[in-house]
Amino acid sequence: MKIVSAKVIVTCPGRNLVTLKIMTDQGVHGLGDATLNGREKAVVAYLQDHVIPCLIGRDPHRIEDIWQYLYKGAYWRRGPVTMTAIGAVDTALWDIKGKAAGLPLYQLLGGKSREAVMVYCHANGADISEAVDSVAAHMAQGYRAIRAQAGVPGLDKVYGVPKGGAAYEPAEKGLPVETVWSSEKYLDHAPKLFETLREKFGFGLHLLHDVHHRLTPIEAARLGKALEPLRMFWIEDPTPAENQDAFRLIRQHTVTPLAVGEVFNSIWDCKGLIENQLIDYIRATVTHAGGITHLRKIAALAEIYQVRTGCHGATDLSPVCMGAALHFDIAVPNFGVQEHMPHTAETDAVFPHAYSYHDGFMHPGDAVGHGVEIDEALAAKYPYDPAYLPIARLEDGTLTSW
Ligand code: GCO
Ligand code: MG
């Protein structure tokens, strides 16, 4: 089999999504997600100008060799743009291999390790009482694991909390919106949210929370300690993770489980965190961490330290990523949980898929490959519309991590 052509499809059915489609001489094609939120066009150019020309004529079955060719062959290693592009190629090649074999992708990954994939959803509210209602509504939809975020008194806009009851969407049209952040106000408030949720719903529900890189290590330790009696499933990204050693400090103070890694793009970003047992869940996913091939290596390293997976699954990861991630999730031995932020109906129509949600769990389906396709004619009706993630400043104007 030979790769004869490849193209990049950019579409905006409510939000920008980038898809790589690889065609072979046998009529089989594969799809990979290449979406890097707010930096989409950089990956488009990287694929079109530097990757696609090198793919033509290659045997798509040689997935590992093509991965190594794109990674080592570029000389310049790692980085979100490079690794997203490699991830898209890799996902498309696994899709092709599954279709050629007549098997769903999870069969190529060793077969099912479980019957279904537990997912967590997002509940949020402008205040604690709205967040409680949102958790109740998601429980009614069957979710066993729920991430809760609430507005903080004195802060106008808070990560994960939409204005006006809309679904939360982590990018806004136009240039980056500026938001104001105060760790002091947040730290006083966040434990109250989870105290209230445990009072209302008891302990038979997994509760998660995303700190979104906002705290210093000692502040994160304080939060973890305050939340300990509330037995969180995890707190996510309590502090930025470039400095992997920062997690040692948090760990010394709290047994609240820690999840990190949605912004990681290689095993090198999490090697120390995993080997030193400083985290409990690794959040890297197919799209941004070099595809199925590289994510399997990260998971294999994590497995020997009893670190479990918790793949990022925000709406800025396309249905192609969700499909591939669910095949990975159902097969990987050390699975923990999968994030599920449902896409809009428009997005689902552009990407017909075999995966499904039922009663707190998802299933990748049994279609061959990863089971996600793209309706190119429909995709063409939604042209690219620039949007950025917000930035955050402290109350005195200092730029901080969003
Ligand atoms: C999450 C994430 C997202 C990110 C987004 C950035 O846990 O789902 O933090 O909401 O902010 O994916 O593009
Ligand atoms: Mg997150």
Side-chain angles (χ1 to χ4, degrees), residues 12 14-18 33-43 80-81 83-84 87 119-124 134 138 143 145-150 157-163 166-173 176-177 179 181 186 190 206-215 220 223 232-241 257-265 269-270 273 279-289 309-322 325 329 336-344 347 362 386-392 400-402:
C12 186
R15 69 148 10 272
N16 293 309
L17 298 168
V18 181
D33 177 26
T35 310
L36 186 60
N37 204 5
R39 294 292 185 272
E40 298 86 2
K41 291 286 185 86
V43 185
V81 175
M83 296 302 280
T84 302
V119 292
Y120 75 89
C121 61
H122 289 196
N124 50 51
S134 176
H138 285 91
Y143 288 100
I146 301 183
R147 185 189 96 161
Q149 311 286 137
K157 255 183 145 212
V158 172
Y159 164 77
V161 181
K163 286 259 170 190
Y168 176 66
E169 173 51 52
E172 291 176 52
K173 307 270 175 229
V177 168
T179 62
W181 177 251
Y186 165 78
H206 295 309
L207 287 176
L208 297 77
H209 181 63
D210 193 346
V211 185
H212 221 264
H213 326 270
R214 299 296 169 85
L215 301 176
L223 177 67
M232 303 292 292
F233 185 91
W234 76 33
I235 59 171
E236 177 188 343
D237 291 329
T239 196
L258 304 173
V260 177
E262 67 182 35
V263 301
F264 291 173
N265 50 71
D269 298 321
C270 50
L273 289 172
I279 58 170
D280 302 281
Y281 296 91
I282 178 69
R283 299 261 301 135
T285 194
V286 181
T287 300
H288 298 140
T309 64
C311 287
H312 187 203
T315 40
D316 48 295
L317 295 149
S318 90
V320 174
C321 175
M322 180 54 97
D329 294 333
V337 72
Q338 164 71 49
E339 183 177 16
H340 179 218
M341 257 180 102
H343 289 103
T344 59
T347 301
M362 289 183 81
Y388 284 93
L389 291 168
I391 62 136
T400 188
S401 306
W402 175 73

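Start at 1 and go down the list; that is how both ligands and their atoms are numbered.
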Flag the pair Tyr159 / Trp181 as yes when their ring centroid distance falls below 6.0 Å, and as no otherwise.
no
Minimal heavy-atom distance between Val81 and Ala42, with the atoms involved, is CG1-O, 3.8 Å
If I take atom CG from residue Asn124 and atom CD1 from residue Ile146, how far apart are they, to the nearest 0.5 angstrom?
11.5 Å
What are the two closest non-hydrogen atoms of Ala284 and Ala289, and how far apart are they?
CB-CB, 3.9 Å
Enumerate the pairs of nitrogen or oxygen atoms, one from ligand 1 and one from the protein, separated by less than 3.5 angstrom; state names and distance to 0.1 Å.
{"residue": "ligand 1", "atom": "7 (O)", "partner": "Arg147", "partner atom": "NH1", "Å": "3.3"}
{"residue": "ligand 1", "atom": "7 (O)", "partner": "Asp210", "partner atom": "OD2", "Å": "3.0"}
{"residue": "ligand 1", "atom": "7 (O)", "partner": "Glu236", "partner atom": "OE2", "Å": "3.0"}
{"residue": "ligand 1", "atom": "7 (O)", "partner": "Glu262", "partner atom": "OE1", "Å": "2.9"}
{"residue": "ligand 1", "atom": "7 (O)", "partner": "Arg283", "partner atom": "NH2", "Å": "3.0"}
{"residue": "ligand 1", "atom": "8 (O)", "partner": "Glu339", "partner atom": "OE1", "Å": "3.2"}
{"residue": "ligand 1", "atom": "8 (O)", "partner": "Glu339", "partner atom": "OE2", "Å": "2.4"}
{"residue": "ligand 1", "atom": "9 (O)", "partner": "Tyr159", "partner atom": "OH", "Å": "3.1"}
{"residue": "ligand 1", "atom": "9 (O)", "partner": "Asp210", "partner atom": "OD2", "Å": "3.0"}
{"residue": "ligand 1", "atom": "9 (O)", "partner": "His212", "partner atom": "NE2", "Å": "3.0"}
{"residue": "ligand 1", "atom": "9 (O)", "partner": "Glu262", "partner atom": "OE1", "Å": "3.0"}
{"residue": "ligand 1", "atom": "9 (O)", "partner": "Glu262", "partner atom": "OE2", "Å": "2.7"}
{"residue": "ligand 1", "atom": "10 (O)", "partner": "Tyr159", "partner atom": "OH", "Å": "2.7"}
{"residue": "ligand 1", "atom": "11 (O)", "partner": "His212", "partner atom": "NE2", "Å": "2.8"}
{"residue": "ligand 1", "atom": "12 (O)", "partner": "His312", "partner atom": "NE2", "Å": "3.0"}
{"residue": "ligand 1", "atom": "12 (O)", "partner": "Asp316", "partner atom": "OD1", "Å": "2.8"}
{"residue": "ligand 1", "atom": "12 (O)", "partner": "Asp316", "partner atom": "OD2", "Å": "3.1"}
{"residue": "ligand 1", "atom": "13 (O)", "partner": "Asn37", "partner atom": "ND2", "Å": "2.9"}
{"residue": "ligand 1", "atom": "13 (O)", "partner": "Asp316", "partner atom": "OD2", "Å": "2.8"}

With ring centroids as reference points, do Trp402 and His213 lie under 6.0 angstrom apart?
no
Which atoms of the protein, restricted to N, O or S, are nearer than 2.8 Å to the Mg ion (ligand 2)?
Asp210 OD2, Glu236 OE2, Glu262 OE1
Return the CD1 to CZ distance between Ile235 and Arg147, rounded to the nearest 0.5 Å.
13.5 Å
Any donor-acceptor N or O pair under 3.5 Å, side chains His122, Glu339
yes
With a 4.5 Å heavy-atom cut-off, do Met322 and Gln338 have their side chains touching?
yes
Do Cys270 and Val260 touch side chain to side chain, with heavy atoms closer than 4.5 Å?
no
